[in-house]
Amino acid sequence: MKKKFYITTAIDYVNASPHLGHAFEKVQADVLARYHRALGEEVFFLTGTDEHGAKIARAAEDAGIPVKKFVDKNAKVFQGLVKALNISNDYFIRTSDKEVHWPGAQKMWKALADSGDIYKKQYKGLYCVGHEAFVTRKDLVDGKCALHKKEPEIIEEENYFFRLSKYSKQIESAIKSDKFRIVPSASKNEILRLLESGLEDVSFSRPSKDLSWGVPVPGDSEHTMYVWSDALVNYLSAIGYGHSDAKSRSNLKRYWPADVQVIGKDILRFHAAIWPGMLLSAEKPLPKILFVHGFISVGGEKMSKSLGNVIDPFSLIEKYGTDAVRYHLLREIPPTNDGDFTYEKFEERYKSDLAKGLGNFTARVVNLGARHIMGSFAPRENRKTKKEIEETWIHYRKSMEEFRFDEALQAVWGLTSYGDKFVDESKLWELPQKDRKKFNLYIAELCTILANIALLLQPFLPETSQAIAKQLGIKLEDKKPRKFKLKKGESLFPMV
RNA sequence: GUCGGUGUAGCUCAGCGGUUAGAGCGCCACCCUCAUAAAGUGGAUGUCGGAGGUUCGACUCCUCCCACCGACACCA
């Protein structure tokens with residue numbers, strides 16, 4: 001049986017428009033999904049939206065539209081982003097989906113309750129009337145809410161709690177032993193430090209009177225599930241958890257545990273502590289790898305609405321194309337550290353790497369070849385080229401295993417640079433007149449290089465890969481091309 | 001405050017005990033003309049954040065300091 005690969009992204013909170021950071025996460029996950037598909041694995045790739053909570057209910061109210069309409073509208077925007085980025089997800093889950101998600105969330109709740117890990121407790125907190133919500137001490141300045149300049153009231157309410165403390169040790173050992181691996185190690189260490197002092201139980205519900213926009217607690221209509229008990233379960237409900245039909249059961253059995261869960265560093269704690277705690281309580285295996293990416297700043301400043309520097313991925317895609325945006329995010333932004341975005345750097349990379357690099361190399365080879373060779377011809381590689389290609393693949397695979405997308409791309413560009421040198425050193429353009437046989441051999445050699453580049457780039461720049469394959473007259477599904485038939489095409493990356 | 005991360009050429013980063021510290025981009029010069037006025041070759045640029053220490057030898061290990069970033073728990 002084929003190896004399976006289940007990968008998820010965090011689900012996005014739909015209270016605001018997507019920005020470049022959202023795009024970054026999707027693209028990273030997509031590269032992994034496509035890479036594993038290319039390896040022949042049976043991939044299930046999940047992404048989606050988190051649509052519950054008082055914040056959204058309030059945002060909808062401010063906008064003057066019913067909550068359901070509000071989330072439908074915003075979810076569409078996020079789905080639009082996924083499409084615009086050419087993300088190859090197999091499913092898009094929405095936590096407001098009563099058919100698909102709710103049964104899963106409620107089943108999880110019952111599972112936790114059956115394990116004796118759900119209990120009721122008085123919760124005492126600082127309630128800000130302005131927020132219509134509890135605030136933390138962090139939000140206070142001189143004892144007053146920083147936003148509303150009012151002293152918060154101390155309010156007690158009864159909530160359900162999840163006995164997370166019980167699983168502290170188990171989670172710690174799973175992370176330490178890498179059975180539940182957290183990438184990068186900085187994130188792993190951060191969470192281990194937290195675990196050293198043990199985890200506290202977490203509040204898992206809110207009174208329905210305060211939070212009605214969410215999944216009802218099973219058997220207690222007075223309470224609504226709070227974010228963790230609801231949202232985290234999406235990773236399971238999307239593959240059938242909570243459903244008893246045959247297909248759901250087999251999907252769940254087939255795909256869980258997730259092989260990689262991609263998240264941002266802001267939600268590390270929830271995915272590395274609460275989520276594994278829930279899974280342990282429900283007697284489900286833990287995900288294999290939690291991959292934590294950093295944030296994107298803009299010109300050294302935090303991307304934020306108040307600074308007005310939010311980068312809109314849609315307009316970037318519209319101007320430069322999907323693959324150019326994908327390339328930039330994967331090549332320029334380090335996979336697990338914070339990265340910086342500026343339009344200047346974007347254009348610089350676009351010009352040097354894409355237009356003058358890959359695009360120009362492809363054009364010079366295909367144009368020259370197509371002009372002089374009409375028929376089809378077989379691939380060829382001399383010893384040096386063969387070695388170059390092999391080494392590129394080794395470097396590339398190693399980088400992919402380490403989630404170093406930037407390094408993998410660097411390796412591919414080494415191959416285009418090799419090809420450019422090959423053209424120059426052989427003075428390829430003189431050969432049709434001087435040595436026709438040699439010319440044919442060299443073109444075959446260069447096409448072999450290009451075919452490998454197309455294959456290497458498949459997970460990263462799917463459209464570009466296809467475009468190269470089309471100009472070479474090959475099919476990428478064949479893995480190893482048997483013969484080429486050149487056809488001049490459009491510029492891969494026109495100068496803008 | 002505590003804990004952690006980062007600090008290497010103008011930019012993005014690699015190197016992490018051992019010859020004159022590297023790559024790509026950018027810059028300058030040369031050169032080719034097949035190609036998207038692209039490619040190729042050569043070159044300049046670094047007190048490897050600072051100060052001490054360990055060592056025959058440190059960008060690489062230790063201590064202290066500085067700068068930036070993050071976490072410090074329920075952010076509803």
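By convention in this document, chain letters (A, B, ...) are assigned in the order of the sequence lines, proteins followed by strands, and residues within each chain are numbered from 1. As the structure is a computational prediction, the values presented were derived from the model and not from experiment.
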Applying side chain to side chain donor-acceptor pair (under 3.5 Å), can you list everything that pairs with A/Q261, at least two apart in sequence or on another chain?
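Side chain to side chain donor-acceptor pair (under 3.5 Å) list for A/Q261, sorted by chain: A/T8, A/W275.
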Listed partners of A/D420 passing side chain to side chain donor-acceptor pair (under 3.5 Å), at least two apart
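Per chain and number, A/D420 pairs via side chain to side chain donor-acceptor pair (under 3.5 Å) with A/R364.
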Encode nucleotides 1-9 of chain B as B, S and - characters from 5' to 3', where the letter depends on protein heavy atoms closer than 4.0 Å: B to the base, S only to sugar-phosphate, - to neither.
--SS-----
Return the residues of residues 401-412 of chain A meeting this criterion: a heavy atom under 4.0 Å from some atom of RNA chain B. Order them by number, or give none.
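Correct list: empty, so none.
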Could you list by number each residue of residues 424-451 of chain A showing a heavy-atom separation from RNA chain B of less than 4.0 Å, or answer none if no residue does?
A/D424, A/W429
Show me the donor-acceptor pairs, under 3.5 Å and distance only, between side chains in residues 11-24 of chain A and residues at least two apart or in other chains.
from	atom 1	to	atom 2	distance (Å)
A/D12	OD2	A/K26	NZ	3.0
A/Y13	OH	A/H52	O	2.7
A/H22	ND1	A/H19	N	2.9

[X]: ring-ring contact (aromatic ring centres under 6.0 Å, His included) partners, not counting sequence neighbours:
| X | answer |
| --- | --- |
| A/F270 | A/W228 |
| A/F361 | none |
| A/F295 | none |

Closest listed nucleotide, where the reference is the side chain of [X] and the choices are [options]:
| X | options | result |
| --- | --- | --- |
| A/S491 | B/C25, B/C34, B/U36 | B/U36 |
| A/W228 | B/C75, B/G40, B/C69 | B/C75 |
| A/R364 | B/A35, B/G40, B/U36 | B/A35 |
| A/Y226 | B/G40, B/C74, B/A39 | B/C74 |

Can you name the residues that form a side chain to side chain contact (heavy atoms under 4.5 Å, CB included) with A/E490, not counting sequence neighbours?
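Counting only residues at least two positions away or on another chain, A/E490 forms no side chain to side chain contact (heavy atoms under 4.5 Å, CB included).
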Return one dot-bracket line describing RNA chain B 5' to 3' (Watson-Crick or G-U wobble pairs, both distances under 3.5 Å; ( ) same strand, [ ] crossing, | another strand, . none).
((((((((.[[[[.)..(...]]]].((((.........)))).....[[[[[..)....]]]]])))))))....
So ring pair (Phe, Tyr, Trp, His ring centres under 6.0 Å) across residues 181-208 of chain A, not counting sequence neighbours, yields A/F162-A/F204
